[in-house]
2 protein chains.
Amino acid sequence: MNLFERTGKMAIGSRLRLLTAKVTEDATKIYELYDIADFSPKWFPVFFVLSENEAKTITEIANEIGHSQPSVTNIIKEMAKAGLVLDKIKSDDKRRNVVGLTEKGIALADKIIKEQWPDIEISVENMINEATHNLWEAIAEWEFLLEQKSLFKRVQEQKKLRESKAVEIVHYDTKYQSAFKSLNEEWISNYFEMEESDYKALDNPEEYIISRGGKILVALYKGEPLGVCALIKMDDPDYDYEMAKMAVSPKAQGKNIGWLLGQAIINTAKDLGASKIYLESNTILKPAINLYYKLGFQKISGRPTPYKRANIQMELNLNVK
Amino acid sequence: MNLFERTGKMAIGSRLRLLTAKVTEDATKIYELYDIADFSPKWFPVFFVLSENEAKTITEIANEIGHSQPSVTNIIKEMAKAGLVLDKIKSDDKRRNVVGLTEKGIALADKIIKEQWPDIEISVENMINEATHNLWEAIAEWEFLLEQKSLFKRVQEQKKLRESKAVEIVHYDTKYQSAFKSLNEEWISNYFEMEESDYKALDNPEEYIISRGGKILVALYKGEPLGVCALIKMDDPDYDYEMAKMAVSPKAQGKNIGWLLGQAIINTAKDLGASKIYLESNTILKPAINLYYKLGFQKISGRPTPYKRANIQMELNLNVK
DNA sequence: ATTAATTACATAATTGATTATGCAAATATA
DNA sequence: TATATTTGCATAATCAATTATGTAATTAAT
């Protein structure tokens with residue numbers, strides 16, 4: 001079995017490189033076939049754009065053909081040596097190096113376009129037609145797709161998706177008490193200071209949260225508790241529950257755990273018949289605030305709070321679609 | 001308009017190179033995403049074949065992945081430095097450098113295959129599915145097509161085809177007398193010596209060939225006579241005509257002119273109601289003999305000839321299909 | 001048993017591109 | 001108007017591959 005059938009799509013870069021090499025390998029011989037000596041195939045893109053118009057600057061050419069600027073500088077230098085382009089055509093802006101084809105260059109362009117170009121065009125087109133999958137169109141589509149979203153981004157999203165599938169959200173159990181405390185303690189003491197009410201809830205979640213009609217959810221990744229979140233019953237005419245004590249281990253970054261926990265908490269609240277959830281946080285916790293917005297929470301103001309660190313309050317109306 | 005829409009298929013090499021660069025560009029970042037440091041993406045093909053089996057030699061790996069041997073030598077050197085492969089595993093043949101993965105290498109392979117590999121596989125597959133033209137399959141087809149016939153060969157054939165279309169076969173006219181003589185004189189005096197009968201026919205073709213019921217055809221390429229061929233009436237019970245004085249300018253090599261002239265002469269003979277054509281030549285003129293065979297002539301023997309240089313005689317039976 | 005040819009590989013040189021860097025010219029800003 | 005920033009490009013350094021070359025080790029041929 002062929003290497004690339006064994007490696008799979010993982011090696012698409014290598015496979016493309018090899019195909020490029022094969023397509024390119026006898027380019028020099030093709031030029032010789034048309035008695036074009038003294039022409040390096042790598043000059044072609046530069047040569048082509050110069051043959052279309054009057055004169056261009058190095059940077060303009062580089063942008064047009066997708067090469068780096070030094071690459072074009074170098075190609076132009078070589079072509080100038082071969083007498084095909086005229087370098088440093090005078091311009092108002094003395095930084096610019098305006099280049100254009102010489103008479104010799106124009107004559108060569110004419111020859112290439114009249115004789116070689118149609119032969120190659122037809123040869124490649126014949127290959128495209130011999131194949132059932134259109135390489136030329138496929139490349140164009142990939143250029144577009146990669147423009148929209150890089151391969152890195154795509155892989156990153158796929159990784160997140162796979163890992164979030166490996167995340168399991170379970171209900172609180174005594175064995176998670178230490179995780180519940182340490183995960184919260186970690187970020188609170190990192191940004192603020194632990195307060196009396198924190199200790200109460202974190203040390204005795206069953207007493208302070210669950211027995212009072214609340215819920216705690218734990219996110220397990222490969223069995224390990226890496227995220228927690230609580231839904232605390234509120235004694236308030238406006239709100240049924242407060243979402244609080246959400247904490248995700250830095251180890252679990254990029255696994256969507258915050259989102260999954262948030263969704264699970266909201267669903268739990270719905271199951272409990274809640275119509276509004278409240279939360280408070282601090283704007284320095286930007287990723288958290290961002291997550292709350294994504295979950296559908298909206299900023300409100302004017303409620304008293306026992307926590308010193310809270311400077312933003314949000315609510316989620318579960319009855320609105 | 002996009003550069004490649006303007007250049008057309010001529011720039012398929014450049015376009016492939018750019019796509020390869022785009023696909024490859026964030027490979028390093030992808031490895032980092034999986035906490036794989038100390039791994040260069042270019043190692044992947046080598047790493048992969050080593051992860052499949054026990055141990056391999058440098059050259060075996062090179063052949064398998066389509067790289068040059070020095071490239072593999074270098075990659076192995078780098079991987080050895082990173083502690084992923086074990087170099088110079090002892091072998092009977094002391095020239096061989098047998099290499100295999102270390103424990104660390106095996107562990108890494110496991111990690112890559114279990115985590116990174118499926119994510120990339122799916123990401124690339126999603127891209128393939130988002131496009132309407134299947135890049136992966138198209139590449140495979142092109143690998144096959146180029147294996148069958150290189151791009152150079154294809155372009156060469158296309159050039160020949162185009163040029164043979166630009167060749168015009170016309171009937172002899174006095175203005176072609178000098179071409180008729182010089183083209184023949186060129187090859188005859190090059191390989192042999194001009195004989196008395198040559199001068200007669202070449203200096204006075206109208207008297208010696210046409211007025212005696214023969215024909216002369218001239219191949220014009222862009223108006224210039226670059227090939228000639230005569231059909232000489234024979235006074236023989238076995239043959240109607242002799243095909244002779246075929247000459248093609250070396251300038252016109254590869255334009256199929258010999259074939260086109262031969263075909264035209266045969267058709268002319270058919271139109272004249274001939275049933276058998278005769279020719280004589282010399283076996284040192286290999287391309288000519290080859291052409292005669294391709295035109296359908298078959299070797300015969302035992303006829304007398306006025307030319308010293310003839311050492312092969314052939315005939316074409318026009319009545320046989 | 002020599003000698004010649006082949007093979008396996010390392011090293012060196014080259015190629016065609018890239019990023020990094022520095023400098024002068026032009027433009028924007030205080 | 002002086003200063004800071006940006007632009008355009010050349011040069012240098014680097015990278016990932018390639019061909020070219022040299023040298024042991026092995027195999028084939030005389």
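Computed from heavy atoms alone, side chains included, the values below leave out hydrogens, waters and symmetry copies. Note on naming: letters A, B, ... go to the chains in the order of the sequence lines (proteins, then strands), and numbering restarts at 1 for each one.
More than 12 heavy atoms of other residues, nucleotides or ligands lie within 6.0 Å of NZ in B:Lys111, so this atom counts as buried by the packing criterion. Heavy atoms from other residues, nucleotides or ligands lying under 6.0 Å from CD of B:Gln148 number more than 12.
B:Glu137 places no side-chain N or O within donor-acceptor distance of the main-chain N or O of B:Asn134, the cut-off being under 3.5 Å.
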Check residues 24-38 of chain A and write down every donor-acceptor pair under 3.5 Å in which the side-chain atom is one partner and the other belongs to a residue at least two apart or another chain.
unit_1: A:Thr24; atom_1: OG1; unit_2: A:Thr20; atom_2: O; d: 2.5
unit_1: A:Tyr34; atom_1: OH; unit_2: A:Asp119; atom_2: OD2; d: 2.5

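For B:Asn311, the side-chain contact (heavy atoms from CB on, under 4.5 Å) partners two or more places apart in sequence, or in a different chain, are B:Asn282, B:Thr283. In this structure B:Lys222 satisfies the salt bridge (Lys or Arg N to Asp or Glu O under 4.0 Å) test with no other residue, sequence neighbours excluded. Taking B:Lys42 as the reference, B:Ser40, B:Asn74, B:Glu78 meet the side-chain contact (heavy atoms from CB on, under 4.5 Å) condition, with sequence neighbours excluded. With sequence neighbours excluded, no residue forms a side chain to side chain donor-acceptor pair (under 3.5 Å) with B:Lys286. Applying the side chain to side chain donor-acceptor pair (under 3.5 Å) criterion to B:Ser68, with sequence neighbours excluded, gives no partner residue. Applying the side-chain contact (heavy atoms from CB on, under 4.5 Å) rule to A:Lys94 yields no partners; only residues at least two apart in sequence or on another chain are considered.
Summarising the geometry, the separation between CZ on A:Arg96 and P on D:dG8 is reported as 6 Å, rounded to the nearest angstrom. In this structure, the NZ atom of A:Lys22 is 13 Å from the P atom of D:dT18, given to the nearest Å. Going from atom CG of A:Leu16 over to atom P of D:dA17 covers 14 Å, rounded to whole Å. Note: CG (B:Asn74) to P (D:dA16) measures 9 Å, nearest angstrom.
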Is there any protein nitrogen or oxygen under 3.5 Å from a nitrogen or oxygen in nucleotides 23-26 of chain D, and what are the pairs?
unit_1: D:dT26; atom_1: OP1; unit_2: B:Asp92; atom_2: O; d: 3.2
unit_1: D:dT26; atom_1: OP1; unit_2: B:Lys94; atom_2: N; d: 2.9

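Interface limits on DNA chain C: the 5'-most and 3'-most nucleotides within less than 4.0 Å of chain B heavy atoms are C:dT7 to C:dA17.
For the ring-ring contact (aromatic ring centres under 6.0 Å, His included) condition, no pair includes a residue of residues 95-149 of chain B, sequence neighbours left out.
Using a 30° and 60° split on the angle between ring planes, A:Phe39 and A:Trp43 fall in the perpendicular class, above 60°.
Residues from residues 57-72 of chain A placing a heavy atom under 4.0 Å of any atom in DNA chain D, listed by number, are A:Thr57, A:Ile58, A:Thr59, A:Gln69, A:Pro70. Of the residues in residues 32-48 of chain A, not one places a heavy atom less than 4.0 Å from an atom of DNA chain D.
Across B:Met127 and A:Leu146, no two heavy atoms sit closer than the pair CE-CD2, 3.6 Å.
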